Amino acid sequence: MKILMFGAGVISTIYGHAFRQSGYEVFHYVKPNKIDELKNGVQLHLLDSRKSNPHIQNYKPLLIDELPSLEEFDLVVVSLRHYQLESVLPLLAEKLGKADILFFNHLWEDTSLIEKYIQKGQYIWGFPNAGGGFYHLPHLTLKGSLMDSIILGEMNGDQSDKLMRLTNIFQQADIKVKVQKNMQHWLWKQFALNAGISSMAVKSGGMDELLSSLPKIRQAVLCIREALDVCKARGVNVKEFPEAKAFYLPSWLAAIAFWGVTMTNKQQREIFKAYNHMDEIQMIYNDIIKTAKELNVPVPKLEGISVEMKKIKLDINEKKVSQTIV
Ligand SMILES: NC(=O)C1=CN([C@@H]2O[C@H](COP(=O)(O)OP(=O)(O)OC[C@H]3O[C@@H](n4cnc5c(N)ncnc54)[C@H](OP(=O)(O)O)[C@@H]3O)[C@@H](O)[C@H]2O)C=CC1
Ligand SMILES: CC(C)(CO)C(=O)C(=O)O
């Protein structure tokens, strides 16, 4: 089995490593300037819910800086920040041939963006149940978690052969697949959850500060509800997703439940704490606010964070985590 990971970001590295562990031949297509940065590999500090011990290991990705024909591969995984997608679509389309692509990231547009370049039947969407961030300690280190399941679904809800084939590939790496019938709505809902949580983390001065304060978590719950209102205005029945429905409990109860999850699920807590893409947080926030304006959805709590969001520059979490694991 030959797999191409587009890039060597957090998600591509975590799953590239998991695929290699299960015997697949994994290549990472990276920009030329990354070859030198990655030549000594990446030190992984991963909580892996498939195993009892944390995973501490050096991963040396096989790197290529020229994209070959994608038909050579059994699976092509593209996991980028949502706002990077558009810039890579022409290149992917040029190299695609008869191959299929798994997009494995957030999406806030609709799929017409993708279909300007890639036909409906040639891609599928998934979402990782993993995450974290890179730290220079000074060796390049990826701190985060890998859970034992992912989300996957055809945009039209079909149980296609492609879906089955991809499910098998993940299952052989001990990763279960939870199939979503309405992937577009699932992705919008997920984007809204991210917007609410990560913008309140910024407002709180960091994820630790947020997760250790019930009043702040309650504010995050209220922000999430506003972001979910934007999804509702796009026609999403948010209550059909249990992880979103929980935020409609009375706000203190929802806050306690959320805090409880982060206390008991140490992998999820680690993802929240190690995640450090401050510019992505800013873009997700800006996108939610923009759509709220377009659709006339009031989002006063989120708008109340605009000053802090504009000031985002430095990576607060990076400093904290580096102190704890060196
Ligand atoms: N990190 C996390 O905890 C989680 C992330 N996600 C989602 O998964 C998606 C991916 O996230 P993540 O892996 O963290 O993001 P990263 O920024 O770590 O990874 C994206 C990678 O793609 C590379 N890239 C971008 N454009 C190109 C290009 N033209 N050619 C080659 N490489 C390119 C980037 O390289 P460069 O940096 O050089 O531009 C970067 O290494 C996002 O939607 C994110 O929200 C979901 C759950 C958790
Ligand atoms: C960890 C988090 C919230 C990024 O912080 C995420 O899981 C997501 O992007 O949906």
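Order of appearance sets the numbers: ligands from 1, and atoms from 1 within every ligand. All figures in this text were calculated on a predicted structure; none of them were measured in a lab.
Proximity to I271 (heavy-atom distance under 4.0 Å) selects the following atoms of ligand 2: 1 (C). Within the listing of ligand 1, atoms 46 (C) sit less than 4.0 angstrom from a heavy atom of P128. Close contacts of ligand 1 with I271, meaning ligand atoms under 4.0 Å from a residue heavy atom, involve 3 (O). Shown in contact with F6 at under 4.0 Å from a heavy atom are these atoms of ligand 1, numbered in order with element: 27 (C), 28 (C), 30 (N), 31 (C). With ligand atoms numbered from 1 in the order given, ligand 2 contributes 10 (O) to contacts under 4.0 Å with heavy atoms of Q190. For ligand 1, the atoms sitting less than 4.0 Å from at least one non-hydrogen atom of E280 are 42 (C), 43 (O), 44 (C), 45 (O), numbered in the order shown with element in parentheses. Close approach of ligand 1 to K31 is summarised as follows: ligand atoms under 4.0 Å from at least one heavy atom of the residue are 26 (N), 27 (C), 28 (C), 30 (N), 31 (C), 33 (C), 36 (P), 38 (O), 39 (O). Listed by atom number, the atoms of ligand 1 under 4.0 Å from Q84 heavy atoms are 20 (C), 25 (C), 39 (O). When each atom of ligand 1 is checked for a heavy atom of Y29 under 4.0 Å away, the hits are 30 (N), 31 (C).
The closest side-chain heavy-atom distance from L228 to F241 is not below 4.5 Å. You'll find the side chain of L102 reaches within 4.5 Å of the side chain of F170, heavy atoms only.
The distance from atom OH of Y29 to atom CG of L4, rounded to the nearest 0.5 Å, is 9.5 Å. Once rounded to the nearest 0.5 Å, the distance linking OG of S204 with CD1 of I305 reads 8.0 Å.
Between K290 and E294 there is a salt bridge, since at least one side-chain N of the basic residue sits less than 4.0 Å from a carboxylate O of the acidic one. A salt bridge links D208 with K273: the distance from a Lys NZ or Arg NE/NH1/NH2 to an Asp or Glu carboxylate oxygen falls below 4.0 Å. Taking a cutoff of 4.0 Å between a charged side-chain nitrogen and a carboxylate oxygen, K189 and E243 qualify as a salt bridge. Taking the charged nitrogens against the carboxylate oxygens, D148 and K176 do have a contact shorter than 4.0 Å, which makes a salt bridge. By the 4.0 Å N-to-carboxylate-O rule, E25 lies too far from K2 to be salt-bridged with it.
Atom 32 (N) of ligand 1 has its closest protein heavy atom at G7 CA, 3.9 Å. Nearest to atom 5 (O) of ligand 2 among the protein's heavy atoms is Y275 CD2, 3.3 Å. Of the protein's heavy atoms, G9 CA, 4.0 Å lies nearest to atom 40 (C) of ligand 1. The protein atom (non-hydrogen) at minimum distance from atom 18 (O) of ligand 1 is V10 N, 3.0 Å. What sits closest to atom 46 (C) of ligand 1 on the protein, heavy atoms only, is F127 CZ, 3.4 Å.
With a 4.0 Å cut-off on non-hydrogen atoms, V88 touches ligand 1 through its side chain and not its backbone.
Annotation: cation-pi pair R234/W108 present, NZ/CZ under 6.0 Å from the ring centroid and within 45° of its normal. For the pair K143 and Y135, the NZ or CZ position fails the cation-pi test of under 6.0 Å to the six-membered ring centre and within 45 degrees of the ring normal.
An N or O contact shorter than 3.5 Å is missing between N105 and ligand 1 by distance. Geometrically, ligand 1 and N194 share no nitrogen or oxygen pair separated by less than 3.5 Å. Remark: ligand 1 and I11 share an N or O pair separated by less than 3.5 Å (distance only, no angle test). The distance criterion of under 3.5 Å between nitrogen or oxygen atoms is met by H277 with respect to ligand 1. Taking only nitrogen or oxygen atoms, main chain and side chain alike, G132 reaches within less than 3.5 Å of ligand 1.
Comparing heavy-atom distances from atom 7 (C) of ligand 1 across H106, K34, Q190, R81 singles out H106 as nearest. Closest heavy-atom approach to atom 47 (C) of ligand 1 within the set S198, S12, A130: this belongs to A130. Scanning L80, V30, V78 for the heavy atom closest to atom 23 (C) of ligand 1 points to L80. When S145, S79, G131, S87 are checked for heavy-atom proximity to atom 20 (C) of ligand 1, S79 turns out nearest.
In this structure, H106 has a heavy atom closer than 4.0 Å to ligand 2. Using a 4.0 angstrom heavy-atom cutoff, A274 does not count as in contact with ligand 1. Residue contacts with ligand 2: N194 is included, with a non-hydrogen atom under 4.0 Å away. Using a 4.0 Å cutoff on heavy atoms, F127 counts as a contact of ligand 2.
The number of heavy-atom neighbours closer than 6.0 Å to CG of D161, taken from other residues, nucleotides and ligands shown, is 12 or below. In the displayed structure, K120 atom NZ is contacted under 6.0 Å by at most 12 heavy atoms of other residues, nucleotides or ligands.
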Verdict with supporting geometry, E115 and Y123, side-chain hydrogen bond (donor to acceptor under 3.5 Å, both in side chains): CA-CA 9 Å; E115 284 152 21; Y123 70 91; 2.4 Å; yes
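Tracing side-chain contacts under 4.5 Å through hydrophobic residues (I, L, V, M, F, W, Y), one reaches L302 starting from L193; they form part of the same cluster. Note on V261: it does not cluster hydrophobically with F127, by side-chain heavy-atom contacts below 4.5 Å among ILVMFWY residues.
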